[in-house]
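Since we're looking at a predicted model, the values are computed, not measured. Order of the sequence lines sets the chain letters (A, B, ...), proteins ahead of strands, with each chain counted from 1.
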Protein chains: 2
Amino acid sequence: MTTRDEILRLGEELMRTQGFNAFSYYHLADALKLRPAAVHYHFPTKDALALSIISRSRETFHAFAEHAALEPDLQKRLHQFVRIFSENAATDKICLMGAAGADFYTFSDETRTEVQLLVREIIVWLAALLREGKACGVFTFDGTPRTRAMLIATNMAASLHMARILGKQEFPRIADQLVKDLCIPQKSTAKRKEK
Amino acid sequence: MTTRDEILRLGEELMRTQGFNAFSYYHLADALKLRPAAVHYHFPTKDALALSIISRSRETFHAFAEHAALEPDLQKRLHQFVRIFSENAATDKICLMGAAGADFYTFSDETRTEVQLLVREIIVWLAALLREGKACGVFTFDGTPRTRAMLIATNMAASLHMARILGKQEFPRIADQLVKDLCIPQKSTAKRKEK
DNA sequence: AAATATACTGACTAGTTAGTAAGTGGTCAA
DNA sequence: TTGACCACTTACTAACTAGTCAGTATATTT
């Protein structure tokens with residue numbers, strides 16, 4: 001792993017645990033056993049760092065989407081999406097939507113646009129999943145797939161806040177109900193459970 | 001309005017627009033035409049300020065709850081709750097749950113506990129509304145009232161992030177669908193619309 | 001009239017912040 | 001072997017940070 005990547009990784013972690021304005025170049029440098037100037041070498045300004053963190057997160061999501069496309073079962077695909085958030089809840093992190101949304105007005109226009117792209121891509125992906133799932137009878141919901149995608153995304157994002165504030169046990173409660181609301185029980189192709 | 005109240009009001013506004021770690025005592029003092037030491041006179045430490053902001057917000061919510069109790073129509077009561085968030089969306093603010101959730105790990109234990117109390121009170125109030133509404137046939141939902149309250153609260157909180165990132169038009173879309181999901185259409189006591 | 005409390009200001013400090021500029025050691029290609 | 005590039009370090013600055021302390025003007029009480 002290159003120094004640049006380590007800075008991005010740690011920067012994202014700090015952004016999603018303490019907030020973008022709660023850590024400094026010194027914190028990054030110290031944790032990575034570098035001088036602050038080395039961090040400036042890779043990211044001249046803090047906003048450039050924010051931009052790269054968001055952009056890297058977009059790439060991570062693209063990779064997730066590519067991997068998820070291999071899963072033919074749409075309910076399982078939804079579960080893969082939920083699992084991303086569930087992992088964050090376990091480590092007390094909020095998602096980048098939540099973190100960047102809170103710090104939004106401290107970013108440059110360029111960085112805000114990158115945040116917008118990230119969120120749009122997530123919503124578009126989720127809406128497509130919901131549309132397809134509804135068409136083939138695995139999901140049920142009212143309203144447009146896009147609005148439903150917004151409802152689910154907002155549930156997931158703020159559930160991470162709730163998990164921090166009220167306790168980790170809140171996340172699975174919210175996530176399980178969300179999935180129940182959406183999924184039409186499927187006839188198992190495996191042996192049926194005894195009644 | 002006393003200086004103390006003005007500091008609290010501005011502090012909360014800055015916390016909910018830029019984040020708690022993005023403003024300083026100097027910013028507060030400058031905007032209120034005071035010296036930073038005057039702010040320290042009212043709130044010795046920044047964490048004490050955070051604590052008072054949250055605590056004041058709890059009182060505001062208690063006042064809301066008291067006022068809302070006068071409304072016998074439970075659907076209207078839900079609308080009153082949603083309207084709080086809709087006003088924030090209009091002014092690009094996130095709610096205190098969202099803001100305090102993001103900055104959570106930069107607060108003292110005492111302040112975190114106050115955040116916890118605020119969120120718990122909101123959830124308890126909302127769960128009671130849902131329970132009552134379900135019992136008298138105006139709301140419909142699966143799962144426990146508390147879990148449903150969590151789903152609604154997370155929708156509301158993160159919708160404010162979405163309104164910032166993707167545009168204000170997102171908020172009413174999300175809120176309207178949320179209300180539609182929940183509310184059983186009531187027979188109007190007024191003259192029925194022509195079909 | 002004297003003492004006390006309130007709500008500040010002025011002047012300060014020690015530490016932190018993002019950001020710069022000049023230099024250094026290593027690698028690699030021509 | 002020279003020169004260019006990379007990934008830094010050292011040394012620095014100017015501005016800002018939370019927080020302190022010793023005053024001071026103005027009421028209010030005794």
Please find the earliest and latest nucleotides of DNA chain C, in the 5' to 3' direction, that have an atom within less than 4.0 Å of any heavy atom of chain A. C:dT17 to C:dA21

So for atom CD, which belongs to B:Glu110, do other residues, nucleotides or ligands contribute more than 12 heavy atoms lying within a distance under 6.0 Å? no

By nearest-nucleotide position on DNA chain D, the 5'-leaning member of B:Phe43 and A:Ala38 is A:Ala38

Quick one: which of A:Arg16, A:Lys168, A:Arg164 gives a salt bridge (Lys or Arg N to Asp or Glu O under 4.0 Å) with A:Asp92? A:Lys168

Classify A:Tyr25 by what it touches in the nucleic acid, base, sugar-phosphate, or nothing, heavy-atom distance under 4.0 Å. sugar-phosphate

Using a 4.0 Å heavy-atom cut-off, does A:Arg35 contact any base of the nucleic acid, only the sugar-phosphate backbone, or nothing at all? base

Using a heavy-atom cut-off of 4.0 Å to chain A, what are the terminal contacting nucleotides of DNA chain D, in 5' to 3' order? D:dC6 to D:dT10

Which label fits B:Phe81 and B:Phe64: parallel for a plane angle under 30°, tilted from 30 to 60°, or perpendicular past 60°? tilted

According to the interplanar angle, ranging from 0 to 90°, do the rings of A:Tyr25 and A:His40 count as parallel (below 30°), tilted (30 to 60°) or perpendicular (above 60°)? tilted

Counting distance only, does the side-chain N/O of B:Gln75 pair as donor-acceptor with the main-chain N or O of B:Val138 below 3.5 Å? yes

Quiz item: cation-pi between A:Lys46 and A:Phe23, 6.0 Å / 45°: yes

Indicate yes or no: at least one non-hydrogen side-chain atom of A:Cys95 is less than 4.5 angstrom from one of A:Phe85. yes

Lys/Arg cation over aromatic B:Phe104: B:Arg112, 6.0 Å, 45° cone: yes

Closest-nucleotide mapping onto DNA chain D: is A:Val39 or B:His27 further toward the 5' terminus? I mean the 5' end. A:Val39

